[in-house]
Amino acid sequence: MPLVKSDDINIYYEAYGKGETIVYLQSPFGGINPGAIFFAGRLSLRHRVIIWDSPNCGNSGICIKDAPSEWHLSCYYLKALLDTLGETSVHIAGCSGGGEMGLLFTHLYGDMVKSLAMYRPTDTTSSVEKEVSRARYRTIAEVAESASMEDVVRFSQNPPSTRFSGITKWFFNIYNKDRKAFDDLDGKKISVLLNKWADYMENPMFYRANMNNDELAKIEIPVLVAPCADEFHTEEIAMDLCRNLPNAKYIPSPSLRKENEIYGAILEEHPFGGFAKFVDDYNDFIISL
């Protein structure tokens, strides 16, 4: 599958099937994952499905520049990718942070979106997601405030050991993949940027893509919302989205998941767990449109 030039960087994508186009989104933190492949395999029986590596992930190019958040940066390059591919009207489905990205994309480029599905909208005020935001943004920003770029990169390579310290290594990885992308940046600029991105993610309204009720009310396309029903993908926030999106359908999760299930101490019988149910529910949803 190709790398295509989208604006100023190459974006990697894969496309499967024929028919109306569905774009599947994972969090901007990661590239194509097994869930994306599973989704594409199921939905490409009736539709064209596009999956991709976000900027700074997988086989896509490196881009660190001023934007309100990583979600905005990813939306910008997704729009550029779709323009390059000649896609003018698509369905969007997203998982976890990909759901918030889909909601933000719909807000920014609503004329392109026929329908939206959000699986596991994320409560970033939860203790777990606060740790994730700190590992990805805050710890690096704190070092960058008073250190050289070389010191920041070394810190990111070997951060202090915590549950999510592996996330911090993303900065080291992208710096070594394309150092030229950092030519106009120094520690101070990196610190300001990453703190801004952390502020966006840690906003209590993040699961709404930080939109107010009036902004949500303007999204009139069909929307499917399905929680994961765990401590940081709660039914409450999924239900709030459905109350404020005028054409939303809500599918409750079958049971509450505990953290030891999420991190693998207890394995679900199906390798994709509740996500497999969401994919089946989404298949029914998209056929009904």
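Please read all numbers here as calculations on a predicted model, not as lab measurements. Residues: numbered from 1 along the sequence shown.
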Hphob cluster co-occupancy, [X] + [Y], side-chain heavy atoms under 4.5 angstrom:
X: Leu103; Y: Tyr250; value: no
X: Val192; Y: Met201; value: no
X: Met239; Y: Leu116; value: no
X: Leu45; Y: Phe278; value: no

message: Test side-chain contact (heavy atoms from CB on, under 4.5 Å) on Glu14 and Trp52; report intermediate values, then the result.
response: CA-CA 6 Å; Glu14 299 178 8; Trp52 77 321; over 6 Å; no
Examine the side chains of [X] and [Y] and answer whether a donor and an acceptor come within less than 3.5 Å of each other.
X: Thr124; Y: Glu202; answer: no
X: Tyr24; Y: Gln26; answer: no
X: Thr122; Y: Ser96; answer: yes

So that I can tick it off, tell me whether [Y] and [X] are bridged by a salt bridge, with the cut-off set at under 4.0 angstrom between side-chain N and carboxylate O.
X: Glu70; Y: Lys196; value: no
X: Asp280; Y: Lys277; value: no
X: Lys188; Y: Glu145; value: yes
X: Arg154; Y: Asp151; value: yes

Is there a donor-acceptor contact under 3.5 Å from the side chain of [X] to the main chain of [Y]?
X: Asn195; Y: Ser191; result: yes
X: Ser115; Y: Pro222; result: no
X: Glu215; Y: Asn212; result: yes
X: Trp197; Y: Ala67; result: yes
X: Asp240; Y: Glu236; result: no
X: Ser60; Y: Pro55; result: no
X: Asp7; Y: Ala80; result: no
X: Asp123; Y: His233; result: no
X: Asn244; Y: Ala217; result: no

Rounded distance [0.5 Å steps], [atom1] in [X] versus [atom2] in [Y]:
X: Ser133; Y: Asn203; atom1: OG; atom2: CG; result: 11.0 Å
X: Asn173; Y: Asn56; atom1: CG; atom2: CG; result: 11.0 Å
X: Asn10; Y: Lys5; atom1: CG; atom2: NZ; result: 5.5 Å
X: Ile51; Y: Ile32; atom1: CD1; atom2: CD1; result: 4.0 Å
X: Ile140; Y: Ser156; atom1: CD1; atom2: OG; result: 4.5 Å

query: Can you list the steps and then say if Lys249 with Asp281 is a salt bridge (Lys or Arg N to Asp or Glu O under 4.0 Å)?
result: CA-CA 11 Å; Lys249 179 179 181 180; Asp281 289 336; over 6 Å; no
Is the count of non-hydrogen atoms from other residues, nucleotides or ligands lying under 6.0 Å from [X] atom [atom1] greater than 12?
X: Met112; atom1: CE; value: yes
X: Lys177; atom1: NZ; value: yes
X: Lys18; atom1: NZ; value: no
X: Asp284; atom1: CG; value: yes

Nearest non-hydrogen partners of [X] and [Y], listed with the distance:
X: Gly30; Y: Ser54; value: O-OG, 3.9 Å
X: Ala147; Y: Val152; value: CB-CG2, 4.3 Å
X: Pro160; Y: Ser165; value: O-CB, 3.2 Å
X: Ile92; Y: Val90; value: CG1-CG2, 4.0 Å
X: Ala181; Y: Ile62; value: CB-CG2, 3.8 Å
X: Ile287; Y: Arg46; value: CD1-NE, 3.5 Å

Ring centres under 6.0 angstrom apart ([X], [Y]):
X: Phe29; Y: Trp71; result: yes
X: Tyr282; Y: Tyr119; result: no
X: Phe171; Y: Phe182; result: yes

Are [X] and [Y] packed together at the side-chain level, in the sense that at least one heavy-atom pair is separated by less than 4.5 angstrom?
X: Val49; Y: His91; answer: no
X: Ile190; Y: Ile64; answer: yes
X: Glu131; Y: Thr162; answer: no
X: Arg208; Y: Ile237; answer: no
X: Asn247; Y: Glu220; answer: no
X: Tyr109; Y: Leu82; answer: no
X: Pro159; Y: Lys169; answer: yes
X: Asn283; Y: Arg42; answer: yes

task: Verify salt bridge (Lys or Arg N to Asp or Glu O under 4.0 Å) between Arg134 and Glu142, making sure each step is shown before the conclusion.
output: CA-CA 10 Å; Arg134 177 161 183 77; Glu142 288 168 2; 2.9 Å; yes
task: Check step by step if side-chain contact (heavy atoms from CB on, under 4.5 Å) holds for Glu87 and Arg48.
output: CA-CA 11 Å; Glu87 298 283 355; Arg48 171 174 160 87; 2.9 Å; yes
message: Please verify the inter-ring angle class for Phe39 with Phe275; under 30° counts as parallel, over 60° as perpendicular, anything in between as tilted.
response: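 Correct class here is tilted.
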message: Please evaluate residues Glu129 and Phe206 with respect to the criterion side-chain contact (heavy atoms from CB on, under 4.5 Å), reporting the C-alpha separation (whole Å), side-chain torsions for both, the decisive distance (0.1 Å), and the verdict.
response: CA-CA 11 Å; Glu129 293 298 325; Phe206 172 81; over 6 Å; no
- prompt: Applying the side-chain contact (heavy atoms from CB on, under 4.5 Å) test to Glu100, which of Pro28, Pro121, Ser69 qualifies?
  reply: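 Among Pro28, Pro121, Ser69, the one meeting side-chain contact (heavy atoms from CB on, under 4.5 Å) with Glu100 is Pro121.
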task: Go through Lys114 and Glu20 one step at a time and tell me if the salt bridge (Lys or Arg N to Asp or Glu O under 4.0 Å) criterion holds.
output: CA-CA 10 Å; Lys114 296 179 182 177; Glu20 290 190 339; 3.3 Å; yes
Intermediate values then yes/no, side-chain contact (heavy atoms from CB on, under 4.5 Å), Tyr13 and Asp53: CA-CA 6 Å; Tyr13 78 98; Asp53 286 340; over 6 Å; no
message: Tyr77 vs Asp8, test: side-chain hydrogen bond (donor to acceptor under 3.5 Å, both in side chains). Steps then yes/no.
response: CA-CA 9 Å; Tyr77 281 104; Asp8 56 342; 2.5 Å; yes
